[in-house]
**Student:** 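Questions regarding the structure given below will be posed in turn.
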Protein chains: 2
Amino acid sequence: MKVNKYVMIYKEIAEQIDKGVLSAGDILSSENDLAEQYETSRETVRKALNVLVQNGYIQKIKGKGSVVLNREKMQFPVSGLVSFKELSQTLGKETRTTVHEFGLTHPDAYIQKQLRITGDEEVWRVVRSRNIDGEHVILDKDYFIRKNVPLLTKEICEDSIYHYIEGELGLVISYAHKEIVVEPCTEEDQKYLDLNGYDQIVVVKNFVFLDDTTLFQYTESRHRLDKFRFVDFARREK
Amino acid sequence: MKVNKYVMIYKEIAEQIDKGVLSAGDILSSENDLAEQYETSRETVRKALNVLVQNGYIQKIKGKGSVVLNREKMQFPVSGLVSFKELSQTLGKETRTTVHEFGLTHPDAYIQKQLRITGDEEVWRVVRSRNIDGEHVILDKDYFIRKNVPLLTKEICEDSIYHYIEGELGLVISYAHKEIVVEPCTEEDQKYLDLNGYDQIVVVKNFVFLDDTTLFQYTESRHRLDKFRFVDFARREK
DNA sequence: GAGTGGTCTAGACCACCTA
DNA sequence: AGGTGGTCTAGACCACTCC
């Protein structure tokens, strides 16, 4: 297992910040010093520092240095491609997944459009609810194109589909496009969720792309209003 | 006005994609070829291509090349630090801003905590509603620390505060932390918005930081459920 | 095997900040 | 003026894809 030098440097510094060896407001050693310390070139150090910037650990100030940021507000990176399993672990809650519907179908026009396929293609359809602290508050509807995922079982759906896809099938998930809107509850929501009187629901629509740029999954994650939370960390462009 | 070489290369290629000279599925010239074309080094080309990747224009595939992506799904980058003015322009809607409350205050405990200040600090408080296509559907509550923004007028608030802060005051906004939750409507929401019967509201909480890493603004943007939409584009880390 | 992107090096000059 | 990060160069070797 070959580890890149810049990843190693990134991890070491990130760990120092996580553990409090370096704390908010501290200035890192200069890039030249770090290059010497790690016996590498300055460009490699810069690559490591850029990842730290990306992940909200530090901010660079020209002529001054790299300042350690206060990360308490960014503790759980829900933004991005976090699967439900990782998410619930992060939150440290008691969670349980129930598979309600599962099978191969020829999708309706709406799903065909979202997945950009024709009616000929077979699609895995999975409907699962997520029970957090005793209440069913999230309904996940997943659609996978069969061409990409030849086999899926109920057992896999009860665990983590992503884990199976990346681990067993060796497909590499590359990027995702996400939309968040609020919609009226459907009969399906009422059937599978503890709506607690709410008649609207937060819908997170996810379009997931593989490493070879093909779209292979469409997911709707439907959250009860009071249990929804989305966290984002954005850097200014330019 | 000195323009970086890699920014120039980025812009040229991005423009070719925007204009359709290069379209989804096309493969860019190789990094070596581009280096030759632009009479520069390969690392500089790579820097330009990385920005294209960041912005969802291309995806690189090792051993193969850089593939142009389908960007139709990412047309409006609401994700990130987009101010309301930019946003409404992007959406091409008829919009109007009304300033309801405006002045210096000593903030309550909640805002003190959000801004991480003590009760001694004076804070600008601005409450504005946004009228889109004839309905008041967004309520923006902004809090600026006076230390950073000595003067603010009602006229500025009716236009774009960001424009004033970055343009006139010369402060540089660097990054923001964002949280999205749904909350019950407050009396204030009822007073200033056309709620259309909704008793819940989408709240986008924004923590805005300056270039020198200091937090200087807290904003709550409260959207009527049916008018809320958030778009995100995420690359897989690692 | 030829070509691609990914990593890494050892320099260089610049713009910016602080003293 | 000295140190910092930002950009840029001209090489090098590697892992991967495709033919």
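Naming convention: chains lettered A, B, ... in sequence-line order (proteins, then strands); numbering from 1 in each chain. Side chains included, hydrogens not; waters and symmetry mates left out as well; all remaining heavy atoms used.
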**Student:** Rounded to whole Å, please give me the gap between NZ in A/K62 and C1' in C/dA15.
**Tutor:** 5 Å
**Student:** Any side-chain N or O of B/S30 under 4.0 Å from OP1/OP2 of C/dT4?
**Tutor:** yes
**Student:** With no hydrogens and no angle check, is any side-chain donor or acceptor of B/W124 less than 3.5 Å from a backbone partner on B/V149?
**Tutor:**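 Side chain of B/W124 to backbone of B/V149: a pair is present.
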**Student:** For B/E36, is there an ion pair with B/R42 - N to carboxylate O distance below 4.0 angstrom?
**Tutor:** no
**Student:** I need the CD-P distance between A/E36 and D/dG3, as an integer number of Å.
**Tutor:**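 Roughly 13 Å, once rounded to whole Å.
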**Student:** State which of D/dT9, C/dT9, D/dT7 makes the closest approach to the side chain of B/N4.
**Tutor:**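 Out of D/dT9, C/dT9, D/dT7, the nucleotide with an atom closest to B/N4's side chain is D/dT7.
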**Student:** Counting any heavy atom closer than 4.0 Å, what does B/L49 reach on the DNA or RNA strands: base, sugar-phosphate only, or nothing?
**Tutor:** nothing
**Student:** Please check: side-chain N/O of B/Q112 versus main-chain N/O of B/P107, any donor-acceptor pairing under 3.5 Å?
**Tutor:** yes
**Student:** Can you check whether B/T44 has a side-chain N or O nearer than 4.0 Å to OP1 or OP2 of D/dT7?
**Tutor:**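 Answer no for this pair, as no side-chain N or O of B/T44 is under 4.0 Å from OP1 or OP2.
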**Student:** Using the side-chain contact (heavy atoms from CB on, under 4.5 Å) rule, pick out the option among A/L69, A/I9, A/I13 that qualifies with A/L52.
**Tutor:**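 That would be A/I13.
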**Student:** Would you indicate, yes or no, if C/dC8 has its OP1 or OP2 atom less than 4.0 angstrom from a side-chain nitrogen or oxygen of A/T40?
**Tutor:** no
**Student:** Determine: side-chain N/O of B/Y6 to OP1/OP2 of D/dT7, distance under 4.0 Å, yes or no.
**Tutor:** yes
**Student:** May I have the distance from A/K60 (atom NZ) to C/dC17 (atom C1'), rounded to whole angstrom?
**Tutor:**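 Computing the A/K60:NZ to C/dC17:C1' distance gives 16 Å.
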**Student:** Nearest whole Å is fine: how far is D/dG6 C1' from A/N50 CG?
**Tutor:** 10 Å
**Student:** OP1 or OP2 of C/dG5 less than 4.0 angstrom from a side-chain nitrogen or oxygen of B/S66, does that happen here?
**Tutor:** yes
**Student:** Hey, what's the ring geometry for B/F228 with B/H223, parallel, tilted or perpendicular (30° and 60° as the breaks)?
**Tutor:** perpendicular
**Student:** Starting at atom CD of B/E43, determine the distance to atom P of D/dG11, rounded to an integer number of angstrom.
**Tutor:** 14 Å
**Student:** Distance check needed: C/dT9 C1' versus A/N32 CG, whole Å only.
**Tutor:** 14 Å
**Student:** Ignoring the backbone of B/K64, work out which of D/dT9, C/dT18, D/dT17 is nearest its side chain.
**Tutor:**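 Nearest to the side chain of B/K64 among the choices is D/dT17.
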**Student:** Quick one: which of D/dG6, C/dT9, C/dG5 gets closest to the side chain of A/E31?
**Tutor:**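 Of all the options, the side chain of A/E31 is nearest to D/dG6.
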**Student:** Please state how far atom CZ in B/R42 lies from atom P in D/dT7, giving the value in whole angstrom units.
**Tutor:** 19 Å
**Student:** Starting at atom CG of A/L28, determine the distance to atom C1' of D/dG5, rounded to an integer number of angstrom.
**Tutor:** 12 Å
**Student:** Considering just the side-chain nitrogens and oxygens of B/K47, establish if one lies under 4.0 Å of OP1 or OP2 belonging to D/dG6.
**Tutor:** no
